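See structure below.
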Amino acid sequence: VGGELLGDGARESRAALGRIRPDRPAPPLPPGADFRRLGTPSFVTRNDAFYRIDTALVVPRVRPADWSLRIHGMVARELTLTWDDIRARELVERRVTLCCVSNPVGGPYVSTSAFTGVPLADLLAEAGVRPGAQQLFSTSADGWTCGTPIGAVTDRARGALLAVGMNRRPLPLEHGFPARLVVPGLYGYVSATKWVVDLEVTTWDARSAYWRERNWAREAPVKTQSRVDTPREGAEVPVGTVTAAGVAWAQPTGIDRVQVRLDDGPWVDADLAADVSDDTWRMWRADVRVRAPGQHRIACRAVDAAGRVQTGERAPVLPDGATGWHTVSFTARP
Ligand SMILES: Nc1nc2c(c(=O)[nH]1)N[C@H]1C(S)=C(S)[C@@H](COP(=O)(O)O)O[C@H]1N2
Ligand SMILES: [Mo]
């Protein structure tokens, strides 16, 4: 591992790869997928703006030529895949919103990319997952570990990937070059292993991953969240119509509705941006009538595609993700 961590040439070999072209591209992004003009993020996050969370003191530098992925444990056939093996396969592109369990309500640890890679379910089907398997225990080149419920990675419809590309580029070094996992609907610490080198099919008892050992939940599906991006906390705006805007996410279920509330008023439906996928965030906007000068609050909440309303009950990020309605205070001037 030391050689992999310190080895030269990862940056150069990444540059030499040029672009990553999916054999099966994601459908074109519909017009009006974000409200960037109003202050939401762009629908797809630029690679250099994608949030980053990891325990790495130095970013592992792994050259594709030195990389391989071993799939073993409770499988019928052990597999070892090289970079060339992966590149020879059909590469599919899927847009996914990834978020961190440590994101506070209203926080920034959520981003969206068009990931390109090999369906994880196909690799696991080739290996032949044996009955009784419970988790996919993945390990990175720097020894970080992650436990994912086996059902989330063997279900083809879920769309988990062994990803090699982000927005048609090789993964940036800090996002897991040359390969990482991406599983729609699960927080990153239980799904999104960067610099992945080992996949062991096993049980929950046999192996315990890095953050599970540190009191975070064993399983952590994404909780429905929404955020007000405009107005900003502490903003000053003229009395009258205030345009609020933000994002909401409920992967892998999708967002059906977002509602906003001024002060203690009624919840009002916001307008939603174009629907892209149940695995990605959805932007919203709403015109709110502010009649009186002074301090006001705008809150938002989402309704997922199964009709469940985002809970207003406040929970901290530990052990399995924060809940509560994001509320922004602002001042209206006469
Ligand atoms: N090797 C490795 N992979 C990792 C982590 C890590 O610390 N080491 N952190 C995880 C966490 S907590 C999250 S939220 C996502 C973040 O991925 P990103 O940095 O590409 O946004 O990566 C996951 N994969
Ligand atoms: Mo995370």
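All values reported here derive from a predicted model rather than from experimental measurement. Atoms within a ligand are numbered from 1 in the order they appear, just like the ligands themselves.
- Compare W195, Y189, Y210 by their heavy atoms: the one nearest to atom 12 (S) of ligand 1 is in Y189.
- Counting only heavy atoms from C-beta outward, the side chains of L162 and I86 approach each other to under 4.5 Å.
- Among L136, L199, L181, L123, the single residue meeting the side-chain contact (heavy atoms from CB on, under 4.5 Å) criterion with V153 is L136.
- Not one N or O on the side chain of T280 forms a donor-acceptor pair closer than 3.5 Å with the backbone of V276.
- Here NZ of K223 is found 12.5 Å from CG of N103. Values are rounded to the nearest 0.5 Å.
- Scanning all protein heavy atoms for the shortest distance to atom 17 (O) of ligand 1 gives R180 NH2, 3.0 Å.
- Listed by atom number, the atoms of ligand 1 under 4.0 Å from F50 heavy atoms are 21 (O).
- Side-chain contact check for R297 versus L262: every heavy-atom pair is 4.5 Å or farther apart.
- Cation-pi contact between R282 and W249: absent, since separation from the ring centre below 6.0 Å together with deviation from the ring axis within 45° is not met.
- Distances from atom 23 (C) of ligand 1 to the heavy atoms of G176, A192, A141, S111 put A192 nearest.
- Per-residue contacts place D142 under 4.0 angstrom from the following atoms of ligand 1 (heavy atoms of the residue considered): 1 (N).
- Across the listed options S138, G188, C146, A56, G188 owns the non-hydrogen atom lying nearest to atom 11 (C) of ligand 1.
- Of the protein's non-hydrogen atoms, K194 N, 3.1 Å is the one closest to atom 3 (N) of ligand 1.
- Neither the backbone nor the side chain of V196 has a heavy atom within less than 4.0 Å of ligand 1.
- Looking from atom 9 (N) of ligand 1 to the surrounding protein, the closest heavy atom is I53 O, 3.2 Å.
- Counting only non-hydrogen atoms, the option in Y51, W211, W144, W216 that gets closest to atom 14 (S) of ligand 1 is Y51.
- Of the N and O atoms on the side chains of T112 and W281, at least one donor lies less than 3.5 Å from an acceptor on the other residue.
- At a heavy-atom cutoff of 4.0 Å, ligand 1 is contacted by the side chain of S140 but not by its backbone.
- Residues V258 and V303 are not in side-chain contact: their nearest non-hydrogen atoms beyond the backbone lie 4.5 Å or more apart.
- Proximity of a side-chain donor or acceptor of R301 to a complementary backbone N or O of S226 within less than 3.5 Å is not detected.
- The shortest N or O to N or O distance between L98 and ligand 1 is not below 3.5 Å.
- Under a 4.0 Å criterion applied to the non-hydrogen atoms of D54, ligand 1 contributes the atoms 5 (C), 6 (C), 7 (O), 8 (N), 9 (N).
- Y109 OH: 12 or fewer foreign heavy atoms inside a 6.0 Å radius.
- Atoms of ligand 1 lying under 4.0 Å from at least one heavy atom of C100, given by number and element, are 14 (S).
- Close contacts between ligand 1 and R52 involve ligand atoms 19 (O), 21 (O) [criterion: under 4.0 Å to a heavy atom].
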